[in-house]
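What follows is a single structure, written as structure tokens, with notes after it.
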Amino acid sequence: MVTNRGYIAERLDSIIANLEAGFRGIYGSDITIDPDTPDGQMIGLIAQAKADIEELGATIYKNLDADNAGGAWLELNVAYAGLRRKAASYSYLRGVILTGEPFRLIPAGSTIVDSNRQRWVIVSAATLNDLGSVRVDFRSADLGVYPLPVNSDFTIETVVLGWDKVSNPSPAEEGAEEERDSQLRRRFFRSRAQPSQNSVEAIEAKLESLPDVTEVVCLENTGDEVDENGLPRKSINVIVDGGNDEAIGDIIYHNKTAGAALMGETSVQIPTAKGVPVTIRFDRPIIVDCAARLTITRLANFTEIDTEAIKTDLSNTDFAIGEDVTNSRLFTPINQTQGFSIKSLEIGEVGQELTASDVVIGVRSKARFAVSDIEVLTV
């Protein structure tokens, strides 16, 4: 039912009561409409069908509001603002060194597998030089974020006679997961600030619309003293995860508050109308690699625990820039795997002591867990 307060679905008990009253009005108050009678069952069938329609109406009405919409419904809402859900992207290994017999051809589509069982596909065919080596690029076989440190272990999946070894002198360039509903909804709300000029909201909204940008935090100090984030007076510090440096610098230049100083470790030269380039500064989030040690006990009705699934779910946990790693929050992704109870969970930065305390992350940092840094002990 549509009212001045919106759509209100009629409850099943109310539908049944109205139908029973209608039957009594037609056939008399002495009619038997118990659930096990033909008339009672007819009322039940009609009531359930109407309740299903009411529920469908409530679902449609709810999804017309971007605050509540999800999935394809949310995509329809944000399309009115000219926004689309950001697709997932591949991770890349750049400058990988292949070695073997000289002049061996490594065909396009050849694959290697890392220690996390992630497959990587060569971007284009390559031939080993007269010294038996060549540098090539690989991309992940699947879309998504696949971190990989320098000098990882690989298994050559595509058998090529004379191809012996793979080594990566650089860490993986991490791709991106498909934009989640919460991220798309936040970007939609921020997009309303895009027409404004010289505002932090406009900078954030426009930066988040750039390809491959996954998160933006803009710190601003409008006071006359250094603030708690270390920002000098009248200054702005933009922290951007992903995206092209020049495109980021151009947006900051055209939208920053006049007279505000820009802080950051990354700098780009942006041309101006006068032909004199101006230096634009911003920051990239500092990645804080975290480790976890989890002690679990198998439940009586389960014979096996998928510890790899536990590690994967924990490593897929997304942390915002400046968000602390809260010990209790990690129980949610861990418990997506069934069959065990948690005895203890200790966390900390990689290389430091693991404790049950939270890991404090700086405002310009971003936490992450790699599968290789997660230990699951069964007792």
Looking at every heavy atom in both Val325 and Cys290, which two are closest together, and how far apart are they? CG2-SG, 4.1 Å

Considering only heavy atoms from C-beta outward, does the side chain of Val359 approach that of Glu349 to under 4.5 Å? yes

Cluster question for you: counting only ILVMFWY and a side-chain heavy-atom cut-off of under 4.5 Å, with indirect links fine, are Val278 and Leu262 together? yes

Given 3.5 Å as the limit, does a donor-acceptor pair link the side chain of Asp114 with the main chain of Phe154, or not? no

Less than 4.5 Å apart, side chain to side chain, heavy atoms only: is that true for Arg85 and Asp181? yes

Do Tyr92 and Leu143 belong to the same hydrophobic cluster, where Ile, Leu, Val, Met, Phe, Trp and Tyr are linked whenever their side-chain heavy atoms lie under 4.5 Å apart, directly or via other members? yes

Check ion pair Arg104-Asp164 (N to O, under 4.0 angstrom): no

State, yes or no, whether a side-chain contact exists between Leu98 and Trp163 at a heavy-atom distance under 4.5 Å. yes

Connected via hydrophobic side-chain network under 4.5 Å: Val145 and Phe319: no

Show the nearest heavy-atom pair for residues Asp250 and Ile270, with the distance to one decimal. N-CD1, 3.6 Å

Let me have the donor-acceptor pairs involving side chains of residues 216-232, under 3.5 Å, with sequence neighbours excluded, atom names and distances please.
unit_1: Asn221; atom_1: OD1; unit_2: Gly223; atom_2: N; d: 2.9
unit_1: Asn221; atom_1: ND2; unit_2: Glu225; atom_2: O; d: 2.7
unit_1: Asn221; atom_1: ND2; unit_2: Leu231; atom_2: O; d: 3.0
unit_1: Asn221; atom_1: ND2; unit_2: Pro232; atom_2: O; d: 3.0
unit_1: Asp224; atom_1: OD1; unit_2: Arg233; atom_2: NH2; d: 3.2
unit_1: Asp227; atom_1: OD1; unit_2: Asn229; atom_2: N; d: 3.0
unit_1: Asp227; atom_1: OD1; unit_2: Gly230; atom_2: N; d: 3.2
unit_1: Asp227; atom_1: OD1; unit_2: Leu231; atom_2: N; d: 2.8

Would you say Ile112 ends up clustered with Val160 if hydrophobic residues are merged whenever their side chains have heavy atoms under 4.5 Å apart, either directly or through other cluster members? yes

Please check if the side chain of Ser91 supplies one atom and the backbone of Glu174 the other of a donor-acceptor pair under 3.5 Å. no

For atom CD of Glu55, is the number of surrounding heavy atoms from other residues, nucleotides or ligands below 6.0 Å larger than 12? no

Could you check if a side-chain atom of Asn129 sits within less than 4.5 angstrom of a side-chain atom of Val134, using non-hydrogen atoms only? no

Are Glu177 and Asn316 close enough that a side-chain donor and a side-chain acceptor fall under 3.5 Å? no

Short side-chain donor-acceptor distance under 3.5 Å, Thr111 and Thr158: yes

Of all heavy-atom pairs between Ile8 and Glu54, which one has the smallest distance, and what is that distance? O-OE1, 4.2 Å

Would you mind telling me which of Thr297, Val376, Thr378, Ile334 makes a side chain to side chain contact (heavy atoms under 4.5 Å, CB included) with Phe340? Ile334

Does Leu294 reach the side chain of Ile374, with side-chain heavy atoms less than 4.5 Å apart? no

Ion pair present between Glu346 and Arg293, side-chain N to carboxylate O less than 4.0 angstrom? yes

Heavy-atom nearest pair, Ala292 first then Leu345, reads CB-CD1, 4.3 Å

In the hydrophobic cluster built from side-chain contacts under 4.5 Å, what are the other members alongside Ile31? Leu12, Ile15, Ile16, Leu19, Phe23, Ile26, Tyr27, Ile33, Met42, Ile43, Ile46

Hey, mind stepping through Gln269 and Thr279 against side chain to side chain donor-acceptor pair (under 3.5 Å) and telling me if it holds? CA-CA 5 Å; Gln269 297 293 313; Thr279 301; 2.6 Å; yes

For the residue pair Tyr146 and Trp120, categorise the inter-ring angle as parallel (less than 30°), tilted (30 to 60°) or perpendicular (more than 60°). perpendicular

Using a 4.5 Å cut-off on heavy atoms from C-beta on, say whether the side chain of Asp130 contacts that of Phe103. yes

Is Arg281 atom CZ crowded by more than 12 heavy atoms from other residues, nucleotides or ligands, each under 6.0 Å away? no

With a cut-off of 6.0 Å (strictly less than), are more than 12 heavy atoms of other residues, nucleotides or ligands near NZ of Lys165? no

Can you check whether Arg364 reaches Asn237 side chain to side chain, under 4.5 Å on heavy atoms? yes

Between the CD atom in Glu215 and the NZ atom in Lys366, the distance rounded to the nearest 0.5 Å is 4.5 Å

Tell me if a side-chain donor or acceptor on Thr214 pairs with a main-chain N or O of Asp241 at a distance below 3.5 Å. yes

Asp245 versus Arg284, closest heavy-atom pair with distance: OD1-NH2, 2.5 Å

Any side-chain heavy atom of Arg135 within less than 4.5 Å of one from Ile97? yes

Over all atoms of both residues, closest heavy-atom pair of Ala367 and Ile361: CB-CD1, 3.9 Å

Indicate if Val350 and Phe369 have the same hydrophobic cluster label, given that clusters are the connected sets of ILVMFWY residues with side-chain heavy-atom separations under 4.5 angstrom. no

Should Glu323 and Arg329 count as an ion pair when the cut-off is N to O under 4.0 Å? yes

